[in-house]
Amino acid sequence: MDFKQWFCLKGRDSFTIDAQVNPDDARFYFGRPEKLKELETQLRKGFIDPGVPKMFIYGSYGSGKTQTLYHLAYYLQHPPPRSLKLRPAIVHVVLEMQSKSNHLDWHLQIMEALGKETVSRWVDGLFGTVSSMDEALAGLLSDYNIINAVKNLRGGGEMPMLAWRWLAGHRLPATDLQRLQLTRNAGDVGAADMVKILVGFGHLAETNGEKLMFFMDEVEQFQNISNPDCFEAVHNYLRQLAEPKNSSAGFIMSPYAITVDDMPQMMMRGDIRNRIGAINYIEIPPLPSVEDIRAFLSELLANFIDRRAAEDRIQQEGLPVTLDTYPFDAEAFERLCDYASQDPVKALPRNIIKAVNESAISAWDVDKAVIDVDTVNEVASLVFG
Amino acid sequence: MTTETALPSYLEIVSDKPVERFLRMFILSAKYVEELIIISPIIGMLRGGVSVSMTRVIDRIDRERIKTYVITNEPSPEHPSHAQAMSALKQSNYTEIRYNDSLHAKVYICRTRGGGFALLGSGNLTETSIQRRIEIGMVIFRRGDGVLLFQELSRWGLERLRSVRGSILVKPMTVRR
């Protein structure tokens, strides 16, 4: 019998939730119904005004920000809310910023996450529905150079890749610009130019029945940028994305921040706050009470344990445990909830899941079929102490 | 603007003493280290010219209370330094030690708050490997698209390898309050 069979785990190796590694885990969001309702409400409102959500969700390490992003993506797809009239096209981006990173680096990371194939598919989709591609693109894209670059995504040979490189912000030599019939490199006139590309892609997506949204994680990385000119260029890029007139390329960005005041400076500037709106700065706090922790743990176990297998095991071996708390006995379950709630700052989903996993491994080490209070006492002090 | 290179920025191939490179990164890391995972069939005291000794590693583990998970082969008489290293690591309250005699993999993972790095390669955590062997490894930084690779590797070491039947717990972590 292996570990997952020992604890009657249902189709998983452990109690860890990681939607980045296991996409099916995106459906889980345990123990915070009010917070989830707040997030979903703001998301739905965003599709009405300004037409696409623009939100920041912040919290400490381990508070569940990444899981929140993936769960919201899941929510938008299963099924889409009524206010979202189109199919969601969600692009996950994990940010990486260094001291001299600028708006071009950010743009490139977004473009690499979006992918040439996706945009080419949208261009092909548009081609199939219009009589004049030039007219159609002119109606969607605001700039001669962007129009020509997008047109070339449909070309043969190396032209589509060249066009994509231009759209992604790579500097092309004059000969390549000429081949693409472009007058300059993207970004030559500033960050606003790059955002026009994203907004244009948003419009392209809409013609294909999709709504483009970028879900960006670990955006506290903006604080790594120490060069002032680079910082301002990135800020300008963000401001352009946040503009009300951008109703086609939405975003949810997730930084580490214990309070809203800890958020990356550029997100707290007045021009950004005014455009986004205070109501779209949403905290993902630690679990506030022992009842919330109990609910979190109960829901986790209910979803991760194969109840039939667990019931059989309990009966066959006469285990001193009920299905409600299996594989913890009742006392161990309550003790874990108590430990988790002792320090409000540490009542984080990551810590709770770690405590569950470590308790299970400890019990497994000594062939205990049930996690008892002795095991929880040993483990929880390491995790929450 | 990021320069185009063959490898993405979250990966680095190290062919010059990769294990020592990892140790130096760990010792010199200014960030708060949450966890250290050492997976190496043989572990030595790292004396004799290695720039980071096992003593230094254990000092940092104890000073900063770094939860450290060690999975290794059971020491054999062929490698007396291995037994010495295990004896030293057992002195720390912050180490968990498991023996798995089927272990051949070499993985070293350092998780920091909001980041981290890992080394996946051919080298044992021994003086011989560092000083006298040709080794190669890949460093994975927990940033950008490297986050996914790092998470997978961490889960393999911290969960799957520790819960395999052959990974016998020899010394649990015991933190004194």
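Each chain gets a letter, A, B and so on, in the order the sequences are listed, and its residues count up from 1.
- In this structure, the side chains of A:E358 and B:R162 come closer than 4.5 Å at one or more pairs of heavy atoms.
- Residue A:D367 touches chain B through its side chain alone, counting heavy-atom pairs closer than 4.5 Å.
- A distance of 8.5 Å separates CD of A:Q109 from CG of B:D145, quoted to the nearest 0.5 Å.
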Could you go through A:K354 and B:E34, starting from their C-alpha distance and side-chain angles, then the distance that decides it, and tell me whether this counts as salt bridge (charged side-chain N to carboxylate O under 4.0 Å, His left out)?
CA-CA 13 Å; A:K354 173 113 183 145; B:E34 293 183 332; over 6 Å; no
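- Remark: side-chain polar atoms of B:K67 are not paired, donor with acceptor, to backbone N or O of A:V383 under 3.5 angstrom.
- Residues of residues 5-13 of chain A lying within less than 4.5 angstrom of chain B, judged on heavy atoms, are A:W6, A:D13 in numerical order.
- A 4.5 Å side-chain heavy-atom check between A:E96 and B:S9 finds at least one atom pair inside the cut-off.
- A:Y256 does not touch chain B: none of its heavy atoms, backbone or side chain, sits under 4.5 Å away.
- Counted within 6.0 Å of CG on B:L28, heavy atoms from surrounding residues, nucleotides or ligands total more than 12; the atom is thus considered enclosed.
- Heavy atoms of other residues, nucleotides or ligands lying less than 6.0 angstrom from CZ of B:R165 number more than 12.
- A heavy-atom distance below 4.5 Å is found between the side chains of B:R98 and A:D365.
- The candidate from A:V94, A:V93, A:L95 with the greatest count of non-hydrogen atom pairs under 4.5 Å with chain B is A:V94.
- Proximity to chain A (any heavy atom under 4.5 Å) is restricted, for B:R160, to the side chain, taken from C-beta onward.
- Of all the heavy atoms in B:S163 and A:I361, the pair that sits closest is CB-CG1, 4.5 Å.
- Note on B:R142 versus A:E218: salt bridge recorded, some NZ/NE/NH1/NH2 to OD/OE distance being below 4.0 Å.
- Rounding to the nearest 0.5 Å gives a distance of 8.0 Å between OH of A:Y61 and OG1 of B:T112.
- Between A:T16 and the options B:E159, B:R155, B:Q151, a side-chain hydrogen bond (donor to acceptor under 3.5 Å, both in side chains) holds for only B:E159.
- Counting only residues at least two apart or on different chains, no ring pair (Phe, Tyr, Trp, His ring centres under 6.0 Å) pair has a member in residues 140-173 of chain B.
- Within the 4.5 angstrom heavy-atom criterion, atoms from both the backbone and the side chain of B:L158 approach chain A.
- If you measure heavy-atom distances from A:M1 to chain B, the contacts under 4.5 Å come from the backbone alone.
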